[in-house]
Amino acid sequence: VDDTLIEAFNAKDTFIGEMSIILSRPRTATVKARSNCTVVRYDGRDVRALIKDYPDVAELVFKSLAQRLDKANHKIAELTEEKNKSLWED
């Protein structure tokens, strides 16, 4: 919405937008590249066919999602701890 950087992706073979395909929902973010990169665009049907033909792709997508979820969980715990500390200090 306001060009706030939420996540920086700098790894090869990074998936972006997979949640919208899996959940059949519109994307919730926009991606902007800071340098030249190669992007491959798939729609939902393409991804389902790709996973059917190459099951290892599903494992890569699931691993990517699990890593992001783990990172988000750690951030939530960190923010909760900070909030709780500030409540006790007041």
Side-chain angles (χ1 to χ4, degrees):
V1 171
D2 62 3
D3 288 339
T4 301
L5 177 64
I6 302 297
E7 181 72 48
F9 299 99
N10 55 11
K12 182 180 177 191
D13 300 330
T14 299
F15 297 95
I16 300 168
E18 71 282 0
M19 288 176 52
S20 67
I21 291 172
I22 292 168
L23 298 173
S24 298
R25 295 183 182 166
R27 290 179 296 106
T28 58
T30 298
V31 177
K32 294 181 181 179
R34 290 186 176 178
S35 62
N36 290 338
C37 60
T38 301
V39 177
V40 178
R41 182 174 188 255
Y42 293 99
D43 68 22
R45 290 178 305 248
D46 294 336
V47 171
R48 284 185 282 283
L50 184 67
I51 288 171
K52 184 178 178 182
D53 293 341
Y54 302 95
D56 291 348
V57 171
E59 185 177 345
L60 293 173
V61 172
F62 295 149
K63 183 176 180 180
S64 172
L65 287 170
Q67 288 169 338
R68 288 189 203 166
L69 179 59
D70 183 57
K71 188 174 183 178
N73 286 340
H74 285 294
K75 187 63 177 177
I76 291 168
E78 177 185 308
L79 293 171
T80 300
E81 185 176 327
E82 289 174 13
K83 180 66 174 172
N84 288 339
K85 281 182 183 178
S86 71
L87 291 173
W88 286 102
E89 291 172 356
D90 291 340

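Keep in mind the model is a prediction, meaning the values are calculated, not measured.
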* Going hydrophobic residue to hydrophobic residue with side-chain gaps under 4.5 angstrom, can you get from Val40 over to Ile22? ->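 Yes; tracing contacts between hydrophobic side chains, which count when under 4.5 Å, links both residues.
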
Working to the nearest 0.5 angstrom, can you tell me the gap between [X] [atom1] and [Y] [atom2]?
X: Glu78; Y: Ile76; atom1: CD; atom2: CD1; value: 11.0 Å
X: Leu69; Y: Gln67; atom1: CG; atom2: CD; value: 11.0 Å
X: Lys75; Y: Thr80; atom1: NZ; atom2: OG1; value: 11.0 Å
X: His74; Y: Leu79; atom1: NE2; atom2: CG; value: 13.0 Å

* Taking every non-hydrogen atom, the tightest pair across Tyr42 and Ile21 ->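 In terms of heavy atoms, the two residues are closest at O-CD1, 3.8 Å.
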
* Minimum heavy-atom distance Ile51-Ala58, with the two atoms named -> CG2-CB, 3.7 Å

* Heavy-atom check, side chain of Val61 versus side chain of Val47, under 4.5 Å -> no

* Asked: Can you tell me if Ser64 uses its side chain to pair, donor with acceptor, with the backbone of Leu60 under 3.5 Å?
  -> no

* Asked: Lys85 and Glu81: salt bridge (Lys or Arg N to Asp or Glu O under 4.0 Å), yes or no, with the steps?
  -> CA-CA 6 Å; Lys85 281 182 183 178; Glu81 185 176 327; 3.5 Å; yes

